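First listed ligand is number 1; within each ligand, the first listed atom is number 1. What you see is a predicted model; the values in this text were computed from it and never measured.
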Amino acid sequence: MVFEQFPSTRLRRNRSNQAIRDLLAETQLLPSNLILPLFVVDGDNQQQQIPALPDCFRFSIDLAVQQAKIAYNLGIKAMMLFPVIDPALKCPTAKEAHNTNNLMCRAITQIKTALPQMLIITDIALDPYTSHGHDGVVNQSGEVLNDETNEILCLQSLVYARAGSDFLAPSDMMDGRIGKIRQFLDSNSQQQVGLIAYSAKYASNFYGPFRHAVGSINNLKQADKKSYQLNYCNSKEAMREIALDISEGADSIIVKPAISYLDIIKDASRNFTAPVFAYQVSGEYAMLKLLANHCQANFSDLCLEQLIAIKRAGAQAIISYAAIDIAKFLQ
Ligand code: PBG
């Protein structure tokens, strides 16, 4: 230990101007650390506002391609796609999830064709496709069935992989799904497709705006996802989930939400060598928008502070609805 004492030590010297502060900054955020989530709707030339998620839109595939190009030109190298499925196509068993020509598959293929360098990450879970809004299939008493769900997740994974996804991100929180999906992909010649596991996905109250954005809120109604997503009182359980997912073949893992779970991000990055991603979720983003709009604060300043905190805690990359705004701000 170095013995430091005032007045020979004056820590303010290292903070006295921007140059020294920049020189000594321990954490840097680059546009290439950001992943852009995008909501995709059917149709042409569609750009729909999402009231619950200010300044975010649902884009038809043609405009999603434009967004991908804008993001890429700002240095963002990865995006995550979420489909807004026509309610008429939803059913209890999520059949549309593994239709080879579904909205998601068309979006993946068209973006990948227009911009092959952009990494496409797709969310694996059944909630955009189920009439009850759960991430899996349910029995008569409404319980979400684990192993039956895994079978469908495998089919969904294969169609998204064949459509051109670089990575699949299972967000459903079923037990054993990473191993099942990995095996199924491998036995269908999709060894090159990676798995980014949402291992520490909490049953959070901050997913509300997302459920409005994809429309699953009308299906889920008063139900919750606490029988499969993690209890926010726990951190050790998250470490068990991460360990299992890595042992089953996850290439990297996600902690979600992010800002209320910095301790989990830190534990994950200290305990495991696999890369850790963090998801600044819809409610976290919307809170910052509200603060910026109601308190004359600058949104980008607020958001950058939180993204840096998430990175400082140990996240390699961050999924953020503000990715484009922040990439511009960083320039
Ligand atoms: C679906 C899924 C959700 C989110 C990402 N994938 C919602 C949920 O689990 O209900 C939430 C993302 C956000 O709030 O930004 N499994």
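Looking at I20 and R15, their side chains never come closer than 4.5 Å, going by heavy atoms from C-beta outward.
Side-chain contact annotation: H134 with Y228, donor-acceptor N/O pair under 3.5 Å present. Checked by atom type, the side-chain pair S60/Q46 shows no donor-acceptor distance below 3.5 Å. Remark: the K226 side chain and the N231 side chain contain no N/O donor-acceptor pair separated by less than 3.5 Å.
Between Y285 and ligand 1 there is no heavy-atom distance shorter than 4.0 Å.
When hydrogens are left out, the protein atom nearest atom 8 (C) of ligand 1 is K225 NZ, 3.3 Å; that is the closest non-hydrogen contact. Of all protein heavy atoms, the one lying nearest to atom 9 (O) of ligand 1 is K201 NZ, 2.7 Å. The protein heavy atom nearest to atom 1 (C) of ligand 1 is D127 OD2, 2.9 Å. Atom 11 (C) of ligand 1 has as its closest protein heavy atom K256 NZ, 3.2 Å.
Residue contacts with ligand 1, taken as heavy atom pairs separated by less than 4.0 Å, involve D135 solely via side-chain atoms from C-beta onward. The proximity of Y321 to ligand 1, defined as any non-hydrogen pair under 4.0 Å, is limited to the side chain. At a 4.0 Å heavy-atom cut-off, ligand 1 does not touch L220 at all.
Between K201 and D172 no salt bridge is recorded (no basic side-chain N to carboxylate O distance below 4.0 Å).
In this structure, S204 OG and E284 CD are separated by 7.0 Å, a value rounded to the nearest 0.5 Å.
Close N/O approach between Y198 and ligand 1 is not found [any backbone or side-chain N/O within under 3.5 Å]. Between Q229 and ligand 1, an N or O atom pair is found at a separation short of 3.5 Å.
The two residues T109 and T113 make their nearest non-hydrogen contact at O-OG1, 2.5 Å.
Applying the side-chain contact (heavy atoms from CB on, under 4.5 Å) test to R240 and every residue at least two apart in sequence or in another chain returns nothing.
Of the candidates A169, S282, G283, A203, it is S282 that places a heavy atom closest to atom 14 (O) of ligand 1.
Ligand 1 places these atoms under 4.0 Å from at least one heavy atom of Y279: 12 (C), 15 (O).
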